[in-house]
Amino acid sequence: MKLTGKVAVVTGGATGIGRVIALKLADRGAAIMIADINEEAAAVTAAEIEEISGRSATFTTDVTDVETCRELAAATVDTLGPADFLINNAGIAGAPGWQERSFSTEEDWKRTYQVNVIGMSNVTSAFRPQMTERRSGRIVNIASIAGREGRPAIPHYSASKAAVISLTQATALELARFNITVNAICPGLLWTPMWEQVGDRYARDNPAYKGMTARQVFDAMIEERIPMKKEQTPEDVADTVAFFISDDAKNITGQALNVDGGFFMR
Ligand SMILES: NC(=O)c1ccc[n+]([C@@H]2O[C@H](COP(=O)([O-])OP(=O)(O)OC[C@H]3O[C@@H](n4cnc5c(N)ncnc54)[C@H](O)[C@@H]3O)[C@@H](O)[C@H]2O)c1
């Protein structure tokens, strides 16, 4: 579906999965607001987008700060127009140094919940008025298969992503009467810097993977757990975002879709 004339906001859009989502939507013609705490990387991605769709903006955003989220919503209207699509992608795996720890600390729980759950709610609340006013909008929240079942390496992260699935359902119920859909995506195993650190944790703390490199742990998990026997990519996630915001998905809301090669079948 062409997205010319539409405006999409991607939190955490400067790097990783968010960057690929932003480029995909730009490729279909949308103007993109990159809302990321990493100002420098956001500028680089915005420049890439300018070359594709010609319309992008950045707003340095810490999703944990309510006031900044409100300013982001206002800046989006001023620079690109009201948001048609909000992609809540910003997320972290733990407080700084989480990958060195064998057990989650209170700080890991607090910081992860603050960004992954409360931050998502902050941004959604900030954009709600411009979507309800126009009785139109699509919101896509990036959760994880870690939210489907508690995983041993990072319990605080698993719990935060389960909360994202629940938040998605609650927001979908709240906004349905305004013709706004809210769905979540649960990406599976993606070879990213985040997963490399998770793999190191497994190799250190889980006897089944002792002594392996992070990549070997990753490949072993694909072999053991993924029926389709292949890893997922940021492009897979971006394609699913494109589906959820398309007319084909106009009657789908409150869902969490696993993009995981069959890892979880629920
Ligand atoms: N990488 C994976 O294997 C994987 C799997 C499942 C789900 N996810 C989820 O996908 C999303 C993107 O992950 P990724 O691997 O691309 O990670 P990443 O670290 O590459 O990207 C996350 C982006 O969010 C930004 N960010 C972090 N804290 C922020 C804050 N407080 N305010 C605004 N922006 C902030 C970062 O600057 C970064 O640009 C996350 O929600 C993550 O939990 C990732």
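Atoms within each ligand, like the ligands themselves, are counted from 1 in listed order.
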Quiz item: Taking non-hydrogen atoms only, is Thr192 closer than 4.0 angstrom to ligand 1 via side chain, backbone, both or neither?
Solution: side chain
Self-check item: Contact with ligand 1 for Pro234, non-hydrogen, under 4.0 angstrom
Solution: no
Quiz item: Which atoms of ligand 1 sit under 4.0 Å from any heavy atom of Gly12?
Solution: 23 (C), 24 (O), 25 (C), 39 (O)
Exercise. If you have a sec, work out which protein heavy atom is nearest atom 27 (C) of ligand 1 and how many Å separate them, to one decimal?
Key: Ile92 CG2, 3.9 Å
Quiz item: Of all the heavy atoms in Tyr157, does at least one lie under 4.0 Å from an atom in ligand 1?
Solution: yes
Quiz item: If you measure from each heavy atom of Asp36 to ligand 1, is any distance below 4.0 Å?
Solution: yes
Quiz item: Does Thr61 reach ligand 1 with a nitrogen or oxygen that is under 3.5 Å from one of the ligand's nitrogen or oxygen atoms?
Solution: yes
Quiz item: Hey, are the side chains of Asp62 and Thr68 touching, using non-hydrogen atoms and a 4.5 Å cut-off?
Solution: no
Exercise. Output, in order, the C-alpha distance, side-chain angles, deciding distance and verdict of salt bridge (Lys or Arg N to Asp or Glu O under 4.0 Å) for Glu174 and Arg128.
Key: CA-CA 10 Å; Glu174 186 191 340; Arg128 185 169 40 212; 2.6 Å; yes
Quiz item: Where's the contact between Ala146 and ligand 1, heavy-atom distance under 4.0 Å: side chain, backbone, both or neither?
Solution: neither
Quiz item: Quick one: does Pro234's side chain get under 4.5 Å of Ile21's, heavy atoms only?
Solution: no
Quiz item: Looking at atom 7 (C) of ligand 1, what's its closest protein heavy atom, distance included?
Solution: Ala143 O, 3.2 Å
Self-check item: Residue, atom name and distance, where the atom is the protein heavy atom closest to atom 22 (C) of ligand 1
Solution: Gly91 O, 3.9 Å
Exercise. Tell me which protein heavy atom sits closest to atom 44 (C) of ligand 1, plus the residue, atom name and distance to 0.1 Å.
Key: Ile17 CD1, 3.6 Å
Quiz item: At a non-hydrogen distance cut-off of under 4.0 Å, which region of Arg19 contacts ligand 1 (side chain, backbone, both, or neither)?
Solution: neither
Quiz item: Is Val63 in polar range of ligand 1, meaning some N or O pair under 3.5 Å apart?
Solution: yes
Quiz item: Just by distance, do the side chain of Asp84 and the backbone of Val7 share a donor-acceptor pair under 3.5 Å?
Solution: yes
Quiz item: Is any side-chain N of the basic residue among Glu107 and Arg101 closer than 4.0 Å to the acidic one's carboxylate O?
Solution: no
Practice problem: Would you check whether Gln232 reaches within less than 4.0 Å of ligand 1, judged by its heavy atoms? | Solution: no
Quiz item: Taking both backbone and side-chain atoms of Gly18, is any N or O found less than 3.5 Å from an N or O belonging to ligand 1?
Solution: no
Practice problem: State the atoms of ligand 1, each with its element, that fall below the 4.0 Å cut-off from a heavy-atom position in Gly16. | Solution: 16 (O), 20 (O)
Quiz item: Under 3.5 Å, is there a donor-acceptor pair between the side chain of Asn183 and the main chain of Gly254?
Solution: yes
Self-check item: From CG (Asn258) to CZ (Phe263), nearest 0.5 Å
Solution: 10.0 Å
Quiz item: Just wondering, do Ile139 and Ile180 contact through their side chains at under 4.5 Å, heavy atoms?
Solution: yes
Self-check item: Asn89, Val164, Asn116: member with heavy atom nearest to atom 12 (C) of ligand 1
Solution: Asn89
Please tabulate, for the side chains in residues 86-99, all donor-acceptor contacts under 3.5 angstrom to protein atoms that are two or more places apart in sequence or on a different chain.
unit_1, atom_1, unit_2, atom_2, d
Asn88, ND2, Thr124, OG1, 3.0
Asn88, ND2, Asn141, OD1, 2.9
Asn89, ND2, Thr11, O, 3.1
Asn89, ND2, Gly12, O, 3.0

Quiz item: Is any side-chain heavy atom of Ile37 less than 4.5 Å from a side-chain heavy atom of Thr61?
Solution: no
Quiz prompt | Heavy atom of protein inside 4.0 Å of atom 19 (O) of ligand 1, strictly below | solution = no
Quiz item: Hey, are the side chains of Lys230 and Ile222 touching, using non-hydrogen atoms and a 4.5 Å cut-off?
Solution: no
Quiz item: Considering only heavy atoms of Asn38, which atoms of ligand 1 have at least one such atom less than 4.0 Å away?
Solution: 37 (O)
Practice problem: Inspect the contact between Arg201 and Glu100 and indicate whether a charged nitrogen and a carboxylate oxygen are less than 4.0 angstrom apart. | Solution: no
Quiz item: Given Ile37, Leu189, Asp62, which has its nearest heavy atom closest to atom 26 (N) of ligand 1?
Solution: Ile37
Practice problem: Provide, to 0.1 Å, the distance between atom 38 (C) of ligand 1 and the closest protein heavy atom, together with that atom's residue and name. | Solution: Thr15 OG1, 3.2 Å
